[in-house]
Each structure stands twice: as structure tokens, then as C-alpha cells.
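Reading through the C-alpha cells given below for one structure.
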Number of protein chains: 2
Amino acid sequence: MKLSGVWYPLISDIGRLWVERTDRPIRVTSFDVAEKAGVNQSTVSRALNDDPAIKDSTKAKVRTAAEALGYYVDTRASALRRDRTGTLAIVVIGRPGTDAHAINPFHYSLLGSICAAAAGRGYQSLVSFQSEPTDFSDHFVRSRQADGLILIGTRNNDEAWEFHRGGANAGKVAIWGSTLDDPGSIASDNVTAGKLAAERLLAAGRKRLLFVGDIDDPQRQFRERYSGFCDYLRATGHTVTDPVFADGQTRFDQGRASVARLLASKCEFDALFCCCDSLALGVLDGLRSAKVRVPEDVSVIGFDGLESGLHCIPPLATIQPDFGAAGVMLVDAALGSIAPGEQQRVPVKLIERASAGPVAK
Amino acid sequence: MKLSGVWYPLISDIGRLWVERTDRPIRVTSFDVAEKAGVNQSTVSRALNDDPAIKDSTKAKVRTAAEALGYYVDTRASALRRDRTGTLAIVVIGRPGTDAHAINPFHYSLLGSICAAAAGRGYQSLVSFQSEPTDFSDHFVRSRQADGLILIGTRNNDEAWEFHRGGANAGKVAIWGSTLDDPGSIASDNVTAGKLAAERLLAAGRKRLLFVGDIDDPQRQFRERYSGFCDYLRATGHTVTDPVFADGQTRFDQGRASVARLLASKCEFDALFCCCDSLALGVLDGLRSAKVRVPEDVSVIGFDGLESGLHCIPPLATIQPDFGAAGVMLVDAALGSIAPGEQQRVPVKLIERASAGPVAK
DNA sequence: GTGAAAGCGCTAACAT
DNA sequence: ATGTTAGCGCTTTCAC
């Protein structure tokens with residue numbers, strides 16, 4: 001029988017070595033299991049991998065021995081030999097200068113869904129948060145730490161996206177969010193989202209519907225939401241107006257500032273579709289400061305499905321992507337099961353809450 | 001020179017194989033780098049690991065060759081040989097029956113901080129979300145996928161905690177949250193948190209301070225917060241009362257129900273310290289429904305530092321643990337740098353927001 | 001249906 | 001200061 005090596009003792013030697021006070025951890029290898037089960041080491045491997053060539057009785061013998069010894073297959077050795085890792089790398093891009101715990105909750109939800117989808121496909125998830133250039137790293141696939149890479153997070157970190165563009169993982173990357181130049185990206189069905197928002201606001205009996213948000217944001221999804229919103233208004237014979245937007249430090253600030261500008265402009269409106277929930281929360285705050293009542297005077301709908309929208313006043317109606325579907329699509333794309341170049345769209349649904357106002361009879 | 005194997009061609013053979021239309025991925029190994037740099041393979045390994053025995057000029061030569069070939073050390077082979085993984089496993093326990101994206105935001109923040117701390121120590125983070133028994137898995141260390149394990153998430157999943165208690169990672173586990181029987185756990189300095197809350201509410205000129213929350217919750221930290229709260233009240237000669245609590249499906253529901261019970265009891269009060277922010281949000285909602293004004297009639301302080309607390313009305317004053325410190329402590333504990341048995345405490349600080357009411361002159 | 005043996009790509013002990 | 005060599009623990013081809 002081949003020995004399992006010189007560094008670590010066979011299980012059968014533990015007693016002796018314990019007495020010799022070795023401080024090396026005791027390791028159980030497939031050779032130990034083989035010895036205990038009275039079979040060859042290769043049979044252990046085959047049995048544990050459920051090879052149909054192995055007799056059931058042998059499998060049972062091996063499994064019993066493995067369990068008795070507390071044996072687990074060494075993932076590193078297995079991965080090295082099989083030439084796969086069984087792992088997906090997930091990179092979450094954050095705003096420069098902010099802590100990892102200040103990540104947009106939307107991306108945390110997405111992260112959770114991705115990990116769940118990866119687990120469903122039998123993959124582990126190697127997660128890293130990258131905000132500063134010193135954090136940047138993309139060699140997961142090249143260094144055989146992962147079989148594919150998923151990129152999510154804020155688009156407001158040019159350095160990070162620049163770094164990851166055509167990085168060391170070429171061909172095995174899935175990206176969340178739509179841009180013109182990322183061919184394999186996955187995003188919400190933003191056009192439908194815009195349509196759903198317009199439809200619902202019209203159903204509330206609203207006449208002057210506006211879009212709030214920056215359609216020139218690097219986050220191109222905002223533009224798509226605006227476009228779907230306008231398309232539906234046009235198709236139903238309504239007036240289409242330019243988006244309302246004033247800049248600010250955070251999305252919340254942008255929402256407040258946009259409302260301020262809008263009210264100052266004396267432009268008439270009775271419904272707002274906001275590009276995202278965090279901006280919508282700022283919009284609600286701005287409207288409240290100005291004593292504009294929601295939803296009595298103005299209906300508001302956001303996008304994202306953030307938890308914060310549940311506890312604001314009034315609770316924020318919002319359009320939420322199907323996180324489960326998003327996770328699965330991203331994982332499949334990273335594993336190469338989706339033809340590159342295809343832009344996948346994640347279904348969205350309206351979450352009814354008070355801010356949208358009741359549907360008119 | 002030893003060949004790098006039969007499965008994959010040396011870089012020098014790429015041209016030929018390309019022509020032969022092999023569909024195997026081309027791999028660059030340290031042998032290819034050695035050939036290109038004109039040194040031995042072991043020299044490549046030493047050079048890239050910055051072995052002081054290697055001449056600077058040789059190191060430069062090797063690094064140039066490696067870069068030219070796009071070579072990265074194969075993590076699996078390196079980890080196998082070195083017998084370490086450079087990875088930490090992080091398990092996030094969720095409530096049974098809920099999706100990964102419905103995880104408590106507090107735990108997402110903690111997760112982010114842990115990954116950041118791990119990266120700071122040179123470790124990768126292997127994340128898994130476990131809610132259902134089918135997700136349960138704890139053999140990360142035994143199967144050599146990770147050098148240690150960090151356990152966070154809800155305490156309201158008995159099956160999960162039962163599973164992880166004394167699992168296959170014995171001795172290399174760090175746990176968030178305090179319990180009597182997890183000796184190596186890390187938790188917030190809850191006693192100080194209770195003191196800070198009491199101190200602040202008294203400073204607002206409040207006289208009848210109550211604690212809201214279930215001190216018998218499996219989340220034992222609630223009891224500690226209550227205890228620190230009471231200690232301070234006692235030490236300053238104030239009356240101490242039993243906690244207020246009524247059960248509910250979610251923490252938010254518990255908050256609403258507790259307020260309802262409290263108001264029905266006709267018990268006098270002008271300040272509430274809530275065991276956690278999500279319950280506090282329910283408390284605010286309950287008070288609003290009952291037309292009790294916050295902070296004019298009642299001051300409210302929560303615990304956690306959730307983002308949702310920023311956007312509720314009024315914004316929720318809260319006590320927040322230092323997430324950065326928490327991440328570092330958990331990582332160090334999982335890596336064994338902290339003596340087992342010690343209970344580590346993460347510093348907390350008060351986040352001033354309107355719900356606490358102004359400090360009385 | 002199982003055993004024998006090779007070797008994944010790397011690091012480190014042992015040479016020189 | 002660098003080359004030679006063994007072998008980490010596993011999977012898989014090749015024998016029988």
C-alpha cells in the first residue's frame with residue numbers, strides 16, 4: 001500500500017505519535033479509509049464519487065469507514081486533479097471611500113441570491129468587496145480559485161470598472177447592470193418596469209407623470225426605465241416630458257434636490273416615477289418638507305424593492321426585480337451556460353404600497 | 001526539464017495545438033515561466049514568493065516572464081502543498097423559509113465587514129447562506145476549503161444552530177452573538193449599550209424609561225442590553241421596571257404589539273429603549289397609530305444602526321456596534337489568534353437622530 | 001469490479 | 001544563489 005506521505009501520520013499511527021507529542025494536526029486521507037475498509041485507495045475515491053462500477057456492498061463498506069474516521073475529501077487535491085474549482089468568485093464594487101457595510105442594500109440582496117443560486121448549481125461562492133484600488137483583484141479564474149466571476153455593485157466607481165474591463169478572467173464573467181459595451185451583462189427588464197410604473201400611475205387617475213433621475217448616470221438602467229416609461233405614455237396618448245434631476249452627494253440627496261428644483265419650476269405634476277428607491281426616499285422627504293401630501297397630492301413609485309421603503313411614510317410602492325431569477329441568470333452566465341453576447345433580462349413586478357395611491361374606479 | 005504534464009501543452013506548443021484545434025484551455029504553469037526566464041521551476045516559485053535567497057536580478061527576470069505569459073500561481077496546488085487554504089468560510093444563518101435576499105440587513109453589514117477584515121489579513125471569504133436543513137454544511141475546514149469558520153445570522157433557527165454546535169470544524173469557529181454555551185463568541189458590548197441608552201434618555205429629561213424586547217429570546221444580547229440599561233438606572237437612583245414585550249411574527253410586528261400592550265396597560269412612560277432597530281421601527285409605527293408623538297411625548301432609541309432607521313419618521317436614534325472592529329475580531333478568532341474561551345466585546349456608539357429628543361439644558 | 005500507477009502544479013528539503 | 005527531487009491527496013487511465 002502506498003503511504004499517505006511523510007509529513008502526516010496514518011491514522012493507525014496516531015497513538016504512537018500522540019505519545020511522541022507531535023504537534024502536527026492528524027489528517028485522515030483516503031489511504032486511511034482504504035486501509036480501514038480493506039480496499040484500494042482508488043476504490044475509496046470511486047466509491048465516494050458514486051462510480052457505478054463499484055459494487056453497492058463495497059460502497060457501503062467505504063462509506064462506513066469514512067464516516068468512522070471523520071474523513072472528508074480534500075477539496076484542494078480533488079480540484080487540482082479534476083481541474084475545476086467548484087467555486088464562483090463574486091466581486092461587489094463599492095463606492096470609493098466607503099466601508100463594506102455601507103454597500104447599497106440592493107446589492108446585498110443580489111449577493112445573497114447569487115450565493116443561493118450558486119449553491120443550487122453545486123458551487124461555492126468566494127466573495128470580495130472592492131472599493132479602493134488597493135482592493136482590486138480579478139485573477140480568481142486565472143489563479144484557479146474560481147471557475148467564473150460575477151461582478152455586481154455600484155457603477156459609480158470608474159477606476160474599479162476600468163480595472164475589471166477585460167481583466168484576467170476574459171470569457172468567464174457575468175456582470176449585473178446594463179451598459180452598451182458589456183455584451184454579456186444581466187439586468188432587470190427596465191423597459192417593462194417603466195411601463196408598469198406608468199400604467200399604475202395612470203390607473204391611480206394621475207394626469208401629469210414625471211420621471212425623476214439621471215438618465216446620463218453610468219448606471220444605464222435608469223435610462224432604460226425612463227425609456228419604457230415614455231414609450232407607454234406615448235402609446236396611450238399622453239404627454240412625455242424630460243426627466244427631472246438635480247445632482248447630490250447620495251441618491252437620497254439627489255431625490256431631495258430634484259424635488260426642490262421641480263417645485264421651484266412651478267411645473268405641474270401629480271405623479272413621480274423615481275429611478276431607484278434610495279432616490280425615491282429623498283423625494284418623499286423633499287415632498288414632506290414642502291407639505292406636499294403623498295399619495296393625496298402626488299403618487300410616487302420607486303424601483304428596487306428596498307426594505308427601507310417599507311418603513312418610510314407613506315410606505316413606498318416600488319418595482320422589484322425577481323432576485324431569485326437574477327441570481328440564477330448570473331450564475332449560469334458566469335459558468336458559461338448562456339451564450340455570450342446575449343443580454344438577459346430579469347422579470348420585474350410591482351409591489352403595491354400606499355405611496356402609489358389607490359386605483360381610481 | 002520536467003514536463004508540465006500530458007493533459008495540457010506547454011506554452012511553447014500553443015501554436016501547433018491551436019492548429020490542431022484542441023479545445024482544451026491552454027494553461028501556463030511555473031514550468032513555462034521557468035523556460036522563458038531561463039531558470040529552474042523551483043526558482044520561479046521562490047522568486048514569486050519573494051524568497052530572500054533569490055537575487056533581485058533573477059526575481060526581476062522571473063517576474064517579467066510571468067507577466068509576459070499571464071502566469072498566476074495555481075491556488076489549489078499551492079494550498080495543497082503548503083497545507084493552508086488562505087480562505088475563511090462565513091456561514092450566514094437565515095430564518096427557515098425565507099430567501100437569502102431577506103436576510104436581516106444587520107447581518108449583511110456584518111458580512112461585509114468580515115470580508116473586509118479577512119482581506120486585510122490576506123484571506124479570501126467563502127460565503128454560504130444556510131436557512132433550510134438542506135443547506136446545512138459545516139465541513140469547510142475538514143474538507144480543506146477554509147482555515148476557519150465564522151458563524152453569523154439569526155438565532156431563530158434552532159435546527160441550524162443545533163447542526164453547527166460542535167460540528168466538523170471544532171476549534172476553528174468564531175460565532176457572532178452571545179450565548180451562555182458558546183465560549184468563543186464575539187458580541188457587541190451590550191451592557192455599555194444599555195448604559196448609553198439610559199444615559200441619553202435621562203439627558204433628554206425623561207423620567208419613566210422602559211425597555212422593549214424579549215429578554216428570553218435565543219438572541220441573548222437582548223438580555224444583556226436590558227441588564228446594562230437597568231444597572232445604569234439603578235446606579236443613578238431611578239426606578240427599574242420589567243421589560244415590555246408582546247410576541248409577533250417579525251421584530252417589526254413585535255414592536256407594534258408591544259406598544260399596543262403598553263398603551264392598554266395605562267402604564268406611564270416617556271422613553272423607550274428598544275432591543276433592536278427592526279423592533280423599534282414597529283414601535284414607532286405603533287406610537288404613530290396611537291397618535292403618540294415622537295420625540296415630543298416619548299423618546300425612542302434602538303440598537304443596530306440599520307439604514308432603515310434613517311428614513312423613518314422621525315429618524316431613529318440608535319446604538320451601533322463598530323462593524324470594522326467586529327469583522328477584525330471575528331476573523332482573528334476564526335484564525336485562532338484569540339485565546340478560545342475569551343468573550344470578546346465590540347465597542348458601541350450612540351448615533352444621534354431625532355427620535356431620542358433634544359438634550360435638556 | 002477492483003488494484004496499480006501516474007501525475008495535477010506547486011513548495012520545500014536537500015543538494016551543490 | 002540556484003538546481004534536483006519528493007510528494008501534498010486526489011482522480012483516472014490502464015490492467016486484470
Side-chain angles (χ1 to χ4, degrees), chain A residues 1-11 24-25 27-35 37-62 66 69 71-86 142-145, chain B residues 1-11 24-25 27-35 37-62 66 69 71-86 142-145:
Chain A
M1 194 192 76
K2 185 189 168 191
L3 290 175
S4 74
V6 290
W7 288 10
Y8 302 111
L10 284 175
I11 275 296
R24 277 283 181 198
R27 324 179 59 87
V28 184
T29 74
S30 54
F31 286 92
D32 299 312
V33 178
E35 189 185 38
V39 295
N40 187 276
Q41 178 268 337
S42 64
T43 302
V44 171
S45 174
R46 283 192 273 242
L48 296 179
N49 285 293
D50 213 24
D51 186 327
I54 302 292
K55 268 197 305 192
D56 282 351
S57 60
T58 312
K59 283 183 187 170
K61 227 167 37 184
V62 169
L69 298 176
Y71 171 74
Y72 288 87
V73 174
D74 186 317
T75 314
R76 300 162 305 183
S78 165
L80 178 59
R81 186 55 234 254
R82 288 188 132 109
D83 192 35
R84 47 104 67 185
T85 68
R142 296 295 279 269
S143 67
R144 308 284 154 185
Q145 296 207 87
Chain B
M1 195 192 74
K2 188 189 168 190
L3 290 175
S4 75
V6 290
W7 288 10
Y8 303 111
L10 284 175
I11 275 295
R24 278 284 184 196
R27 326 179 56 87
V28 184
T29 73
S30 54
F31 286 90
D32 298 314
V33 177
E35 188 185 38
V39 296
N40 187 276
Q41 178 269 335
S42 66
T43 302
V44 170
S45 174
R46 285 191 272 239
L48 295 178
N49 285 294
D50 214 24
D51 186 326
I54 303 291
K55 266 198 305 192
D56 283 351
S57 61
T58 312
K59 283 182 187 172
K61 227 166 38 183
V62 169
L69 296 177
Y71 170 76
Y72 287 87
V73 173
D74 186 317
T75 313
R76 301 162 304 184
S78 167
L80 178 59
R81 187 53 236 249
R82 290 186 128 111
D83 191 38
R84 48 102 71 185
T85 68
R142 295 296 278 268
S143 67
R144 308 283 153 183
Q145 296 206 89

### Message
With a 4.0 Å limit, can you tell me whether N40(B) has a side-chain N or O closer than that to the phosphate oxygens OP1/OP2 of dT2(D)?
### Response
no
Sorted by chain and number, sequence neighbours left out, side-chain contact (heavy atoms from CB on, under 4.5 Å) with A37(B) holds for V39(B), V62(B), A65(B)
Note to self: Check D74(A) with R76(B), please: is the shortest side-chain N to carboxylate O separation under 4.0 Å?
What the structure shows: no
In whole angstroms, the gap separating C1' of dG9(D) from CZ of R142(B) amounts to 16 Å
Across all chains, not counting sequence neighbours, the side-chain hydrogen bond (donor to acceptor under 3.5 Å, both in side chains) partners of S45(A) are none
Here the side chain to side chain donor-acceptor pair (under 3.5 Å) pairs for residues 52-61 of chain B, sequence neighbours left out, are D50(B)-K59(B)
Between V44(B) and K61(A), whichever has its closest DNA chain C nucleotide further toward 5' is K61(A)
Applying side-chain hydrogen bond (donor to acceptor under 3.5 Å, both in side chains) to T43(A) and not counting sequence neighbours gives none
The residue, A77(B) or T58(B), whose nearest nucleotide of DNA chain D is more 5′ is T58(B)
OG of S30(B) to OH of Y72(B), rounded to nearest 0.5 Å, is 15.5 Å
Here the gap from F31(B) atom CZ to T29(B) atom OG1, rounded to the nearest 0.5 Å, amounts to 6.5 Å
Rounded to whole Å, the CD-C1' distance (E35(B) to dG3(D)) equals 16 Å
Taken to the nearest whole Å, CZ/R82(A) to C1'/dG9(C) is 18 Å
OP1, OP2 of dC10(D) versus side-chain N and O of Y72(A): anything below 4.0 Å? no
To the nearest angstrom, the CG-P distance between D74(B) and dC8(D) comes to 18 Å
Applying side-chain hydrogen bond (donor to acceptor under 3.5 Å, both in side chains) to D51(A) and not counting sequence neighbours gives none
Sorted by chain and residue number, the side-chain contact (heavy atoms from CB on, under 4.5 Å) partners of S78(A) (sequence neighbours excluded) come out as V73(A), R82(A)
Whole-Å distance, F31(B) CZ to dT4(D) P, equals 11 Å
So, is R81(B) close to the dG7(D) phosphate, meaning a side-chain N or O under 4.0 Å from OP1 or OP2? no
d(D83(B) CG, R144(B) CZ) to nearest 0.5 Å is 5.5 Å
Note to self: For dG3(C) and T43(A) - does any side-chain N or O of the residue sit under 4.0 Å from the phosphate oxygens OP1/OP2?
What the structure shows: yes
| said: Students often get this wrong, so: under 4.0 angstrom with heavy atoms, is S45(B) touching a base, only sugar-phosphate, or nothing? | reply: base
Answer with base, sugar-phosphate or nothing: what part of the nucleic acid does S78(B) contact at a heavy-atom distance below 4.0 Å? sugar-phosphate
note: R76(B), atom CZ; dG9(D), atom P; distance rounded to Å ~ 17 Å
Taken to the nearest whole Å, CG/D83(A) to P/dT11(D) is 14 Å
To the nearest 10 degrees, the angle between the two end axes of the helix from dG1(C)-dC16(D) to dT16(C)-dA1(D) (five pairs per end) comes to 30°
Using the 3.5 Å cut-off, write out each protein N or O paired with an N or O of nucleotides 13-16 of chain D and the distance between them.
from	atom 1	to	atom 2	distance (Å)
dT13(D)	O4	R46(A)	NH1	3.1

Separation of dG3(C) atom P from D51(A) atom CG, nearest Å, is 13 Å
